[in-house]
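So the structure is just underneath, and the comments pick up after that.
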Amino acid sequence: MASFEPSLSTSGMRPPLASAEAPSMADSLPSINFGFEDLRSRMAQFTAKFDAFIERGRKQVLEERNQFRINLAELQEDQRMKQRDIEILTLKSQSHAQTLQKEAAEAAEMHAAISSITMERDARLAKRDRLKQQIAETQKAINQKLEAQKAHARYLDAQARLNVPELEFWQDYLCLRIEGAGREDRLKFVYTHLLEKDWEREAWFELGTASRDYEIFHTKPKLDRAAIDRELEIVNEDRDFGALLKRMRKLFVEAMK
């Protein structure tokens with residue numbers, strides 16, 4: 001701004017002489033240039049710069065506020081996602097814990113079932129071993145019995161070959177015939193001519209030959225069991241089969257009379 005410097009000092013100024021043609025005092029004053037246009041221009045530039053500064057500041061504040069809001073929203077979204085992840089992990093953890101508990105229960109149940117099956121298997125193995133032992137013992141007894149039967153059969157066969165003439169004699173002498181009784185180890189001895197009034201009437205008994213000792217199972221007519229047991233005791237002792245046939249005929253005759 002230009003400084004104000006009057007071209008004439010105030011001490012040298014004198015009022016003019018009063019005269020009608022004399023110039024006025026205002027006309028005699030020098031023209032002063034205060035520089036208002038320049039000042040106005042500079043003020044306008046300053047105002048423009050200030051407004052631009054304020055606008056930039058406002059925009060920066062708005063941008064920072066918007067960015068802050070965006071960052072805050074992102075943080076909130078991150079927090080929400082993390083909270084959701086935490087909830088998901090919590091549910092997974094609970095589900096995993098339940099799964100582990102269920103698997104532990106199933107494992108315990110399986111161990112109990114395996115233990116039960118093992119005990120049952122051991123019991124069956126022990127039972128199988130006992131049965132195998134019993135079967136072996138039974139088979140041994142059967143084999144022994146078969147050997148005894150075979151030996152007795154051989155003995156009977158030998159005796160039969162020796163006693164064929166004797167049997168033929170007793171058949172003729174006692175009016176006797178020998179028949180099968182429906183089993184390999186039994187014979188049926190049938191007597192006739194027991195009663196003079198009825199020579200065709202028959203009497204018979206079944207003799208068992210499965211073991212060394214003879215057995216009598218059925219008779220017709222029925223004889224006293226005690227008498228039959230006495231006859232069996234005698235024949236099993238003396239092995240005189242012909243004498244047994246003779247005594248049995250006598251018992252039948254007595255029973256039929």
Side-chain angles (χ1 to χ4, degrees), residues 117 119-257:
I117 292 172
M119 293 177 62
E120 184 178 358
R121 182 202 62 185
D122 294 341
R124 289 185 177 181
L125 289 175
K127 185 176 180 180
R128 183 198 65 183
D129 293 340
R130 290 196 301 271
L131 289 175
K132 289 175 66 175
Q133 183 178 1
Q134 292 175 0
I135 291 171
E137 293 175 354
T138 303
Q139 188 65 43
K140 182 179 179 181
I142 292 173
N143 292 335
Q144 292 176 351
K145 189 173 183 179
L146 288 175
E147 288 298 326
Q149 289 179 352
K150 290 179 181 179
H152 184 64
R154 289 193 295 270
Y155 169 78
L156 291 178
D157 185 63
Q159 287 295 109
R161 286 195 299 270
L162 293 174
N163 294 332
V164 166
E166 185 178 356
L167 285 175
E168 291 179 351
F169 166 77
W170 288 114
Q171 288 179 17
D172 295 337
Y173 178 73
L174 298 175
C175 298
L176 171 71
R177 71 177 186 271
I178 303 174
E179 300 177 353
R183 292 181 55 174
E184 293 181 358
D185 56 354
R186 292 189 188 183
L187 294 174
K188 185 176 182 180
F189 295 86
V190 184
Y191 296 95
T192 59
H193 298 77
L194 297 172
L195 296 176
E196 294 181 0
K197 295 181 180 180
D198 189 2
W199 292 117
E200 299 300 324
R201 186 176 177 182
E202 297 181 350
W204 55 266
F205 71 92
E206 287 185 5
L207 181 71
T209 61
S211 61
R212 183 183 181 278
D213 292 340
Y214 295 114
E215 294 182 81
I216 295 176
F217 296 98
H218 303 289
T219 64
K220 185 181 180 181
K222 188 175 182 180
L223 300 178
D224 181 64
R225 189 70 220 179
I228 294 175
D229 291 339
R230 285 194 301 269
E231 297 300 332
L232 288 173
E233 185 177 356
I234 293 171
V235 72
N236 289 327
E237 181 67 25
D238 61 16
R239 311 303 293 178
D240 189 349
F241 190 71
L244 172 67
L245 296 176
K246 186 176 181 181
R247 291 194 300 271
M248 289 298 295
R249 179 181 176 86
K250 184 178 180 180
L251 289 177
F252 282 125
V253 172
E254 293 176 354
M256 295 173 70
K257 284 182 179 180

* Sort and list the pairs that fulfil salt bridge (Lys or Arg N to Asp or Glu O under 4.0 Å) and have at least one residue in residues 123-137, not counting sequence neighbours. =>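 Qualifying pairs: E120-R124.
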
Mind listing the closest non-hydrogen atom pair of [X] and [Y] along with its distance?
| X | Y | result |
| --- | --- | --- |
| C175 | R249 | CB-NH1, 4.1 Å |
| Y214 | N236 | N-OD1, 2.7 Å |
| K188 | G180 | CB-O, 4.2 Å |
| L223 | L251 | CD2-O, 3.9 Å |
| G208 | R186 | CA-CG, 4.2 Å |

* Asked: With a 6.0 Å cut-off on ring centres, are F189 and F241 close enough?
  ->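 Yes, close enough.
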
Is the shortest side-chain heavy-atom distance between [X] and [Y] below 4.5 Å?
| X | Y | answer |
| --- | --- | --- |
| L232 | D213 | no |
| K220 | F252 | no |
| E237 | I234 | no |
| T219 | W204 | no |
| R230 | R247 | no |

First locate atom [atom1] of [X], then atom [atom2] of [Y], and finally report the distance between them rounded to the nearest 0.5 Å.
| X | Y | atom1 | atom2 | value |
| --- | --- | --- | --- | --- |
| L245 | I178 | CG | CD1 | 7.0 Å |
| I142 | Q144 | CD1 | CD | 10.5 Å |
| R201 | H193 | CZ | NE2 | 14.5 Å |
| Y191 | M256 | OH | CE | 12.5 Å |
| T192 | L174 | OG1 | CG | 10.0 Å |

* Counting only heavy atoms not in Y173, do more than 12 sit closer than 6.0 Å to its OH atom? ->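 Check fails, neighbour count at 12 or below.
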
* More than 12 heavy atoms of other residues, nucleotides or ligands under 6.0 Å from CD of E254: is that the case? ->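 Count over threshold, so yes.
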
* Does E202 have any salt bridge (Lys or Arg N to Asp or Glu O under 4.0 Å) partners at least two apart in sequence or in another chain, and if so, which? ->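 So E202 forms a salt bridge (Lys or Arg N to Asp or Glu O under 4.0 Å) with R177.
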
* Asked: Considering residues at least two apart in sequence or located in another chain, which fulfil the salt bridge (Lys or Arg N to Asp or Glu O under 4.0 Å) criterion with D224?
  ->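 Salt bridge (Lys or Arg N to Asp or Glu O under 4.0 Å) list for D224, sorted by chain: empty.
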
